[in-house]
There are 2 protein chains.
Amino acid sequence: MIPDSCDETAVLDRAEASCRQRGASLTAIRREVLALLHRAPKGIKAYDLLEQIRHTRGNASPPTVYRALDFLIEQGLAHRIGRMNLFVACRHGKHSAPSLFLVCPKCNGVTELEDAAVVSSLYASLAATGHRLDSPEVEISAICPQCAAA
Amino acid sequence: MIPDSCDETAVLDRAEASCRQRGASLTAIRREVLALLHRAPKGIKAYDLLEQIRHTRGNASPPTVYRALDFLIEQGLAHRIGRMNLFVACRHGKHSAPSLFLVCPKCNGVTELEDAAVVSSLYASLAATGHRLDSPEVEISAICPQCAAA
DNA sequence: GGAGGAAATGCGATGTTATAACATGGCCGC
DNA sequence: GCGGCCATGTTATAACATCGCATTTCCTCC
C-alpha cells in the first residue's frame, strides 16, 4: 500500500493546475488532504482523515478537514459518499457524464464507473417525472466482488 | 395535508398484519412512528420525528425513535435516505424490484419509483464489474419539478 | 396461575459527524 | 500603510446515532 510517490506528485500537480485554471488554489492543506484521499484504498471518514493529517499538522481541527473536503468536492477532485459518511478522491481526470458510485457496505470500498446505458435510461426515467439530475454522483450500495466471495 | 384518518388506519392495519405474518409485532410506538412518517409529505429527520412523538410520549428519547425506525426499515415499511439523514414511509405495498429514490436536495421531497428499464441496465452494469446490488434502495439526488420551477 | 425467557422499552451517557461563530494571518493592489 | 480578500486557527456547539444496562411486558410452557 505504499504509494508510488512519483505518480502521486503528478496527480497532485495536475489537480493544482486544474484548480489554477479555474481561479482556485490548491493550498498546502488541501493538497495534503487530497494526497491522503488518494493514498486511501477505500472511502475514508472525515475524522480518520483528521487523525492522519494531525501527523503533519498537530493543530488541525474538524473545520480544517471539512473545509478542505468541501473545496475538493467543489473542484471535482473528490466525492462524498452520503450513506456511509465517506470521502474518496476522484480517480477520473474529468467527468463527461454522471458517475455511478458502487459503495460496498462491508468494506467501504468505492468503485467509480461511468456507464452510458444506465445514465441514459436514468435520464429518461427522471424526465418522465419532471425531475432533473442534481448531482453528477449516483450512489449505489453494492457488495464488491471481494466481499461477495468472503 | 390533513391525512384521511380512515386511510391511515387502513394502511397501519395492513402494516400490522404483514408484520404479524413474519412473526414481528408492530407495537404502539412503532405504529405511531410509522403514522408520523406517513403523515409527513416529505422525508423527515429523526430528531424532528422525536419532537413530534414527544407530543404523545413525553419521555421519548433518541433510541426510542431509532429503534422504531430500524424496525420499520427491517420490515420494509420505511426507508432511510442516506445523504440527508431523512426517513420516509414506504408508499408501496410490496417491492418486486429495487426502487429508485429521487431525493430533492432543496425541499427534502422524496419520490419513490420503480423503473424496470433503469434497474435492468443497472444490474447489467453491476454484473460487469462483479458487484451485487446490496440494498433495494438506490438514491438519486434530483431537483423536483416544484423546486425546478422556483 | 406462575416460572422462565425473549422482546421491547426507559433512561442516561456517550460516540460520531458536521457546522457556527469569530479571530487571525498573509497576500496584493493601491 | 491600509483595506479587501481568501485561507486558516480556535473554540464551542449543533446535529445525528448508538451503547449499556435496568425494567417491563408479553408470550409460552408447565
Side-chain angles (χ1 to χ4, degrees), chain A residues 15-16 19-34 36-37 40 43-75 77-88 103 105 108 139, chain B residues 15-16 19-34 36-37 40 43-75 77-88 103 105 108 139:
Chain A
E16 187 153 1
C19 284
R20 190 158 295 275
Q21 241 183 346
R22 275 167 295 205
S25 71
L26 191 67
T27 61
I29 290 181
R30 292 163 177 174
R31 191 177 168 111
E32 275 182 59
V33 170
L34 182 55
L36 290 173
L37 285 175
I44 185 171
K45 304 214 171 210
Y47 276 66
D48 292 343
L49 221 38
L50 175 57
E51 195 190 329
Q52 293 200 24
I53 206 172
R54 283 218 246 241
H55 295 162
T56 56
R57 294 178 174 272
N59 60 340
S61 62
T64 309
V65 170
Y66 280 104
R67 287 196 280 233
L69 286 171
D70 287 347
F71 173 86
L72 294 173
I73 289 166
E74 216 172 82
Q75 296 295 316
L77 298 170
H79 301 289
R80 163 179 304 211
I81 305 298
R83 250 180 123 58
M84 324 273 305
N85 306 309
L86 295 175
F87 298 85
V88 293
V103 184
N108 289 355
E139 199 177 300
Chain B
E16 188 154 2
C19 284
R20 190 157 295 274
Q21 241 183 346
R22 275 166 295 204
S25 71
L26 191 68
T27 62
I29 290 181
R30 293 163 177 175
R31 190 177 169 112
E32 274 182 61
V33 170
L34 182 54
L36 289 173
L37 286 175
I44 185 171
K45 304 215 170 206
Y47 275 65
D48 292 343
L49 221 39
L50 174 57
E51 195 190 329
Q52 293 200 25
I53 206 171
R54 283 220 246 242
H55 295 163
T56 57
R57 295 180 174 270
N59 60 341
S61 62
T64 310
V65 169
Y66 281 104
R67 287 197 280 232
L69 287 171
D70 287 347
F71 173 86
L72 294 173
I73 289 166
E74 214 172 82
Q75 296 294 316
L77 297 170
H79 300 289
R80 164 178 304 213
I81 305 299
R83 251 166 83 73
M84 323 275 303
N85 306 309
L86 295 175
F87 297 87
V88 294
V103 184
N108 288 354
E139 199 177 300

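By convention in this document, chain letters (A, B, ...) are assigned in the order of the sequence lines, proteins followed by strands, and residues within each chain are numbered from 1. We use all heavy atoms of the structure for the numbers below, so side chains are in, but hydrogens, waters and symmetry mates are not.
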S.K.: Can you find a side chain N or O atom of Lys45(B) that sits less than 4.0 Å from OP1 or OP2 on dC16(D)?
M.R.: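 Checking dC16(D) against Lys45(B), a side-chain N or O does come within under 4.0 Å of OP1 or OP2.
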S.K.: Which pairs with one or both residues in residues 60-69 of chain B pass salt bridge (charged side-chain N to carboxylate O under 4.0 Å, His left out), sequence neighbours excluded?
M.R.: none
S.K.: Nearest whole angstrom, please: distance from the P of dC16(D) to the CG of Leu86(B).
M.R.: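 That distance rounds to 9 Å.
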S.K.: Nearest to the side chain of Pro63(B) - dG12(C), dA18(C), dA8(C)?
M.R.: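 Side chain of Pro63(B) sits closest to dG12(C).
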S.K.: Rounding to a whole Å, what distance do you find between Arg83(B):CZ and dC16(D):C1'?
M.R.: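 Atom CZ in Arg83(B) sits about 16 Å away from atom C1' in dC16(D).
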S.K.: Find the distance Arg20(B):CZ to dC26(D):P and express it as a whole number of Å.
M.R.: 12 Å
S.K.: For Leu69(B) and dA8(C), give me the distance from atom CG to atom P, rounded to whole Å.
M.R.: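 After rounding, the gap between these two atoms is 15 Å.
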S.K.: Provide, to the nearest angstrom, the distance between the CZ atom belonging to Arg30(B) and the C1' atom belonging to dA8(C).
M.R.: 6 Å
S.K.: Taking CG from Asp48(A) and P from dA18(C), how many angstroms apart are they, rounded to a whole number?
M.R.: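 Checked: the CG to P distance equals 11 Å.
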S.K.: What's the CG-C1' distance between Leu50(B) and dA14(D), to the nearest Å?
M.R.: 15 Å
S.K.: Ile29(A) has a side chain; which of dT10(D), dT8(D), dA18(C) sits nearest to it?
M.R.: dT8(D)
S.K.: Respond yes when some side-chain nitrogen or oxygen of Thr27(A) is under 4.0 Å from OP1 or OP2 of dT8(D), and no when none is.
M.R.: yes
S.K.: Once hydrogens and angles are ignored, does a donor-acceptor distance under 3.5 Å link the base of dA14(D) to the side chain of Tyr47(B)?
M.R.: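 Result: no qualifying N/O pair found.
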S.K.: Go through dG10(C), dC11(C), dT11(D) for me and flag the one nearest to the Ser61(A) side chain.
M.R.: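 It is dT11(D).
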S.K.: Nearest-Å distance, CG (Asp70(B)) to C1' (dT9(C))?
M.R.: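 The answer, rounded to whole Å, is 14 Å.
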S.K.: Do the side chain of Arg57(A) and the base of dG9(D) come within less than 3.5 angstrom through a donor-acceptor pair of N or O atoms?
M.R.: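 For Arg57(A), whose side chain was compared with the base of dG9(D), there is no donor-acceptor pair (under 3.5 Å).
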S.K.: So if I take every side-chain heavy atom of Asn85(B) and compare against dC11(C), dA17(D), dG9(D), which nucleotide ends up nearest?
M.R.: dA17(D)
S.K.: Inspect the contact between Arg57(B) and Glu32(B) and indicate whether a charged nitrogen and a carboxylate oxygen are less than 4.0 angstrom apart.
M.R.: yes
S.K.: Kindly say if Tyr66(A) contacts the phosphate of dA18(C), meaning a side-chain N or O under 4.0 Å from OP1 or OP2.
M.R.: yes
S.K.: Check the pair Ile44(A), Gln52(A) against side chain to side chain contact (heavy atoms under 4.5 Å, CB included), reporting the backbone distance first and the verdict last.
M.R.: CA-CA 11 Å; Ile44(A) 185 171; Gln52(A) 293 200 24; 3.7 Å; yes
S.K.: Taking the side chain as C-beta and beyond, is there a heavy-atom pair between Val65(B) and Glu51(B) under 4.5 Å?
M.R.: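 Contact flag for Val65(B)/Glu51(B) side chains = no.
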S.K.: So do the side chains of Ile73(A) and His79(A) get within less than 4.5 Å of each other, counting heavy atoms only?
M.R.: no
S.K.: Using heavy atoms to find the nearest nucleotide of DNA chain D for Arg67(B) and Met84(B) separately, return the residue whose nucleotide is more 5′.
M.R.: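 The residue closer to the strand's 5' end, by nearest nucleotide, is Met84(B).
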